[in-house]
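One structure below.
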Amino acid sequence: MSYIENLEKQLFEMQDLKYRDFHSKLLPGIDRETIIGIRTPMLRKFTKEFAETLEAELFLKDLPHRYYEENNMHMMIISWIKDYEVCLKEVKKLLPYVNNWATCDLPAPKCFAKHKEELLPEIRNWISSGETYTIRYGTGMLMNFYLEEDFRPEYLKLAADIRSEEYYVNMMIAWYLATALAKQWEATIPYIEERRLPEWVHRKTIQKAVESYRITPEQKAYLKSFR
């Protein structure tokens, strides 16, 4: 039995068919037969153990993967790599194969937090890639790492200037801007006041901000006036 056959055998032993049927509804466009159906805490625990094996090195080279959970395992293993250059290289290798929001939105590599200046050009490249989930990943990194002490107004423009017909790109832009309203209100609110965003993104940004517990009641009332 090859390592991948053995791995997939172990994955199917954790299968929960009811969870698969439920989760597959959250991943439109993904063939249900490629979803095993493993709850995330269980998959994460298994992946942590698997990451310590020699087979993990083979696994990272073995693209594309057959199953959704294997892509999630791959993204998890990458996120635990401590060496920035190695981690970045692996992220770049995987991104072309990411085909859904859930894999894309798994926790960002911790090592990225220590290399924000080097990461910025990569984020710009991802955002301008034209690939749905690569754009979403780059915007997510902008949201995760550059809305606190490293914030610059130009990063808002970077996200706000994205033009896409893709739902999962536009949803991430709205998520980013709603988070920016919570963390950098003064810099972000002109994008709403001056209606600089595409109409759908504008409305979704307001909706997500109004739903946020980090936005004050006064801010929510003000935002609602721009619906």
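These figures come from a predicted structure and were not determined experimentally. These numbers come from the heavy atoms of this one structure, side chains and all, not from hydrogens, waters or symmetry mates.
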(message) For Leu17, is the CG atom crowded, meaning more than 12 foreign heavy atoms sit under 6.0 Å from it?
(response) yes
(request) Run the salt-bridge test on Glu85 and Lys92 with the 4.0 Å N-O cut-off and return the result as yes or no. (result) no
(request) Could you pull out the closest heavy-atom pair between Ala187 and Leu156, with the gap in Å? (result) O-CD1, 3.5 Å
(message) Between Thr53 (side chain only) and Phe50 (backbone N and O only), is there a donor and an acceptor less than 3.5 Å apart?
(response) yes
(request) Output yes when Glu90 and Lys93 qualify as a salt bridge under the 4.0 Å nitrogen-oxygen rule, no when they do not. (result) yes
(request) Take Tyr191 and Thr205 through the side chain to side chain contact (heavy atoms under 4.5 Å, CB included) test and state the conclusion after the steps. (result) CA-CA 10 Å; Tyr191 284 87; Thr205 298; over 6 Å; no
(request) Output the distance between atom SG (Cys111) and atom CD1 (Ile78), rounded to the nearest 0.5 Å. (result) 10.5 Å
(message) Using a strict threshold of under 4.0 Å (side-chain N to carboxylate O), is an ion pair present between Lys61 and Glu57?
(response) no
(request) Side-chain contact test, heavy atoms from C-beta onward, threshold under 4.5 Å: evaluate it for Leu197 versus Ile192 and give yes or no. (result) yes
(request) Measure the spacing between CG of Leu95 and SG of Cys104 and express it to the nearest 0.5 Å. (result) 7.0 Å
(request) Provide the closest heavy-atom pair for Ala51 versus Ile77 in the form atom of the first, atom of the second, distance. (result) CB-CG1, 4.1 Å
(message) As an exercise, state the distance from CZ of Arg20 to OG1 of Thr34, rounded to the nearest 0.5 Å.
(response) 10.0 Å
(message) Quick one, Glu122 and Leu88 - any side-chain contact, counting heavy atoms below 4.5 Å?
(response) yes
(request) Hey, can you tell me if Phe226 and Tyr222 have their rings parallel, tilted or perpendicular (30° and 60° cut-offs)? (result) perpendicular
(message) Taking side-chain hydrogen bond (donor to acceptor under 3.5 Å, both in side chains) as the cut-off, I'd like each qualifying pair that reaches into residues 128-141, sequence neighbours left out, listed once.
(response) Asp105-Arg136
(message) So does Thr216 get a backbone contact from the side chain of Gln219, meaning a donor-acceptor N/O pair under 3.5 Å?
(response) yes
(request) Search all heavy atoms of Val86 against all heavy atoms of Asp83 and return the closest pair with its distance. (result) N-OD1, 3.0 Å
(message) If only side-chain N and O atoms count, and only distance matters, is there a donor-acceptor pair under 3.5 Å linking His202 with Glu199?
(response) no
(request) Using the salt bridge (Lys or Arg N to Asp or Glu O under 4.0 Å) rule, take Arg124 and Glu154 through it: C-alpha gap first, then chi angles, then the decisive distance, then the call. (result) CA-CA 12 Å; Arg124 293 179 190 278; Glu154 68 196 68; 3.3 Å; yes
(message) Assigning hydrophobic clusters by single linkage (Ile, Leu, Val, Met, Phe, Trp, Tyr; side-chain heavy-atom cutoff under 4.5 Å), is Met14 placed with Phe22?
(response) yes
(message) Can you see whether Trp80 has Lys110 sitting over its ring - NZ or CZ less than 6.0 Å from the centre and within 45° of the normal?
(response) no
(request) Give the minimum heavy-atom separation between Met143 and Leu147, together with the two atoms involved. (result) O-CD1, 3.8 Å
(message) Quick check: is Phe145 connected to Ile81 through a chain of hydrophobic side chains (ILVMFWY, heavy atoms under 4.5 Å apart)?
(response) no
(message) Side chains of Glu149 and Lys116, heavy atoms from C-beta outward: is any pair under 4.5 Å?
(response) yes
(message) Does this structure show an ion pair linking Glu211 with Lys204, if we count only N-O contacts that are shorter than 4.0 Å?
(response) no
(request) Decide side chain to side chain contact (heavy atoms under 4.5 Å, CB included) for Tyr155 and Leu120; before the verdict, give the C-alpha distance in whole Å, the side-chain angles of both, and the deciding distance to 0.1 Å. (result) CA-CA 10 Å; Tyr155 303 153; Leu120 270 171; 3.0 Å; yes
For residues 69-76, run the donor-acceptor check on the side chains, cut-off 3.5 Å, and write out each pair with its distance to 0.1 Å, sequence neighbours left out.
{"from": "Glu69", "atom 1": "OE1", "to": "Ile36", "atom 2": "N", "distance (Å)": "2.9"}
{"from": "Glu69", "atom 1": "OE2", "to": "Ile36", "atom 2": "N", "distance (Å)": "3.3"}
{"from": "Glu69", "atom 1": "OE2", "to": "Gly37", "atom 2": "N", "distance (Å)": "2.7"}
{"from": "Glu69", "atom 1": "OE2", "to": "Ile38", "atom 2": "N", "distance (Å)": "3.4"}
{"from": "Glu70", "atom 1": "OE1", "to": "Arg66", "atom 2": "N", "distance (Å)": "3.0"}
{"from": "Glu70", "atom 1": "OE1", "to": "Tyr67", "atom 2": "N", "distance (Å)": "3.0"}
{"from": "Asn72", "atom 1": "OD1", "to": "Thr103", "atom 2": "OG1", "distance (Å)": "2.6"}
{"from": "Asn72", "atom 1": "ND2", "to": "Tyr68", "atom 2": "OH", "distance (Å)": "3.2"}
{"from": "His74", "atom 1": "ND1", "to": "His65", "atom 2": "NE2", "distance (Å)": "2.7"}

(message) For a 4.5 angstrom cut-off between non-hydrogen side-chain atoms, does Glu117 reach Asp150?
(response) no
(message) Tell me whether the rings of His23 and Trp101 are parallel (<30°), tilted (30 to 60°) or perpendicular (>60°).
(response) tilted
(message) Closer than 3.5 angstrom, by distance alone: can the side chain of Asn144 be matched with the main-chain N or O of Gly140 as a donor-acceptor pair?
(response) yes
(request) State, to 0.1 Å, how close Pro107 and Ser79 come at their nearest heavy-atom pair, and which atoms those are. (result) O-CB, 3.6 Å
(message) Quick one: does any side-chain atom of Glu5 pair with a main-chain N or O of Ser2 as donor and acceptor, under 3.5 Å?
(response) yes
(request) Tell me, with the steps shown, if Val210 and Ile215 meet side chain to side chain contact (heavy atoms under 4.5 Å, CB included). (result) CA-CA 7 Å; Val210 167; Ile215 302 285; over 6 Å; no
(request) Would you mind reporting whether Thr40 and Leu43 have side-chain heavy atoms less than 4.5 Å apart? (result) no
(request) Hey, could you give me the OG1/CD distance between Thr188 and Glu193, rounded to the nearest 0.5 Å? (result) 10.5 Å
(request) Just grab all the side-chain hydrogen bond (donor to acceptor under 3.5 Å, both in side chains) pairs involving residues 164-183, residues at least two apart or on different chains. (result) Glu148-Lys183
(request) Treat each ILVMFWY residue as a node, draw an edge where side-chain heavy atoms are under 4.5 Å apart, and state whether Ile127 and Leu94 are in one component. (result) yes
(request) Search all heavy atoms of Glu118 against all heavy atoms of Pro121 and return the closest pair with its distance. (result) O-CD, 3.2 Å
(request) To the nearest 0.5 angstrom, please state how far the CG atom of Leu223 sits from the NZ atom of Lys220. (result) 9.5 Å
(message) Using a strict threshold of under 4.0 Å (side-chain N to carboxylate O), is an ion pair present between Glu13 and Lys9?
(response) yes
(message) If you define the side chain from C-beta out and look only at heavy atoms, does anything of Lys45 sit under 4.5 Å from Glu49?
(response) yes
(message) Count I, L, V, M, F, W, Y as connected when their side-chain heavy atoms are under 4.5 Å apart, and connections chain through other members. Are Leu158 and Trp126 then in the same cluster?
(response) yes
(message) Nearest 0.5 Å, please: how far is CG in Asn100 from CD1 in Ile30?
(response) 5.0 Å
(message) Between Phe151 and Tyr146 (judged by ring centroids, cut-off 6.0 Å), do the two rings come close enough to count as a pair?
(response) no
(message) Using salt bridge (Lys or Arg N to Asp or Glu O under 4.0 Å), reason through Asp161 and Arg196 one step at a time and then give a plain yes or no.
(response) CA-CA 9 Å; Asp161 283 354; Arg196 299 183 200 172; over 6 Å; no
